[in-house]
Amino acid sequence: MNQAEIRKLIPALRVAIQGKHRKFSSPKGPEGRLHMLRTSVSHLIRDERIELYYNRADETRGYAERLIGEAIKYGDCHRQTMDMATYWLTEKQLVHKLFKVLVPRYKDSKDSYTRMHKAPNLYPGSFYERCVLELRGNPFPPLQQKVSSRNWVHNILLEEAYREYKTQKKTMQENETSN
């Protein structure tokens with residue numbers, strides 16, 4: 001198989017994945033690391049919004065995107081996709097939710113399936129960044145609300161200055177054409 005054929009088999013991820021190794025401290029070693037990631041992916045699918053440290057959330061996001069992408073591309077009749085879903089999702093009802101709820105929600109989506117927001121740190125000067133990882137289209141109120149900045153003082157002043165500039169320019173042009 002050449003590279004083009006392999007790329008067709010694997011659905012493209014819609015988020016940037018960092019190539020650097022993330023260090024998660026786990027007394028169980030690599031299998032403990034996978035257990036933490038499986039737990040995080042399961043919680044994300046179940047709750048649709050979770051709060052984590054940035055490194056773990058970023059890595060969880062990649063695995064969740066891949067899982068949802070495979071489920072959309074191949075469906076629940078594909079054996080390898082079902083095996084992957086049963087491995088990453090620790091509860092059986094989450095596999096059902098993946099294929100019956102999330103796949104129809106995201107099948108026509110052009111954006112990524114997840115979204116990350118920075119969260120405030122627990123303590124001032126804390127070394128680890130916290131963030132919120134959520135599935136798009138979840139039933140919760142949005143975390144980022146669009147604030148209209150039209151009525152802010154500096155925007156009003158800039159708008160009035162621009163109007164004055166336009167009127168001055170227009171009067172100068174009229175004076176030039178009349179002369």
Side-chain angles (χ1 to χ4, degrees), residues 3-4 6-24 37 40-41 43-75 97-179:
Q3 290 291 343
I6 291 173
R7 286 189 188 125
K8 287 182 184 178
L9 292 176
I10 299 172
L13 292 179
R14 298 174 182 193
V15 294
I17 302 297
Q18 301 242 343
K20 65 182 180 181
H21 178 69
R22 299 262 192 310
K23 293 182 181 178
F24 298 139
L37 286 170
S40 298
V41 170
H43 284 280
L44 177 64
I45 299 296
R46 184 184 66 217
D47 300 333
E48 298 194 19
R49 182 184 284 171
I50 57 175
E51 185 175 341
L52 300 164
Y53 287 114
Y54 180 81
N55 285 340
R56 186 194 272 186
D58 190 35
E59 192 135 352
T60 301
R61 183 182 193 189
Y63 287 111
E65 289 275 341
R66 177 70 182 270
L67 180 65
I68 295 170
E70 294 268 340
I72 290 171
K73 184 165 185 170
Y74 297 113
K97 180 178 182 178
L98 174 69
F99 288 105
K100 301 299 181 197
V101 176
L102 298 180
V103 167
R105 183 192 300 176
Y106 297 125
K107 68 180 178 182
D108 297 326
S109 175
K110 301 288 184 211
D111 296 329
S112 63
Y113 312 120
T114 58
R115 186 180 302 144
M116 272 183 24
H117 304 283
K118 286 190 176 182
N121 287 334
L122 297 175
Y123 301 107
S126 176
F127 179 71
Y128 297 106
E129 293 182 22
R130 306 251 331 143
C131 71
V132 175
L133 180 64
E134 68 178 358
L135 294 175
R136 289 186 186 267
N138 61 31
F140 304 115
L143 291 176
Q144 286 184 334
Q145 297 180 1
K146 296 180 180 175
V147 178
S148 174
S149 61
R150 180 179 170 88
N151 294 327
W152 290 358
V153 172
H154 60 277
N155 287 338
I156 292 172
L157 293 173
L158 285 172
E159 189 175 313
E160 288 300 318
Y162 182 70
R163 278 191 200 147
E164 278 185 37
Y165 171 75
K166 291 284 271 189
T167 55
Q168 286 176 358
K169 190 174 181 181
K170 187 176 180 181
T171 56
M172 287 177 65
Q173 286 177 351
E174 289 174 358
N175 289 341
E176 288 177 2
T177 56
S178 65
N179 290 339

### Query
Do you know which two heavy atoms are closest between L37 and Y63, and how far apart they sit?
CD1-CE1, 3.7 Å
### Task
With rounding to the nearest 0.5 Å, note down the distance linking CZ in R150 to CG in N155.
9.5 Å
### Closest non-hydrogen atom pair, F99 against P104
O-CD, 3.6 Å
#### Entry: Heavy-atom side-chain contact between E48 and K97 under 4.5 Å
yes
## Note on the structure
To the nearest 0.5 Å, atom CG of L67 lies from atom CG of L98 at 5.0 Å
### Message
Could you tell me if the side chain of R49 sits less than 4.5 Å from the side chain of V132, heavy atoms only?
### Response
yes
### Message
Between Y113 and I72, is there a side-chain heavy-atom distance shorter than 4.5 Å?
### Response
yes
### Task
Spell out, as yes or no, whether a donor-acceptor pair under 3.5 Å connects the side chain of N138 to the backbone of L135.
yes
### Task
Examine R130 relative to Y54 and say whether NZ or CZ is less than 6.0 Å from the centre of the six-membered ring and inside a 45° cone about the ring axis.
no
### Query
Got R56 and S40 here, is their nearest side-chain heavy-atom distance under 4.5 Å?
yes
### Within 6.0 Å of OH in Y162, more than 12 heavy atoms from elsewhere
no
### Query
To the nearest 0.5 Å, what is the distance between CZ (R105) and CD1 (I68)?
8.5 Å
#### Entry: Closest heavy-atom pair and its distance - E51, A119
OE2-CB, 4.3 Å
### Message
Whether E160 and R163 form a salt bridge (side-chain N of Lys/Arg under 4.0 Å from carboxylate O of Asp/Glu) is what I want to check.
### Response
yes
#### Entry: Closest non-hydrogen atom pair, S112 against E65
CB-OE2, 3.4 Å
### Message
Within this structure, what is the CZ-CD distance for the pair R115 and E134, rounded to the nearest 0.5 Å?
### Response
5.0 Å
#### Entry: Spatial distance of atom OG1 (T114) from atom CG (D58) [nearest 0.5 Å]
9.5 Å
### Task
Kindly compute the distance separating CD1 (I50) from CG (L133), expressed to the nearest 0.5 Å.
5.0 Å
#### Entry: side-chain contact (heavy atoms from CB on, under 4.5 Å) partner of K169, chosen from M172, K166, Q173
Q173
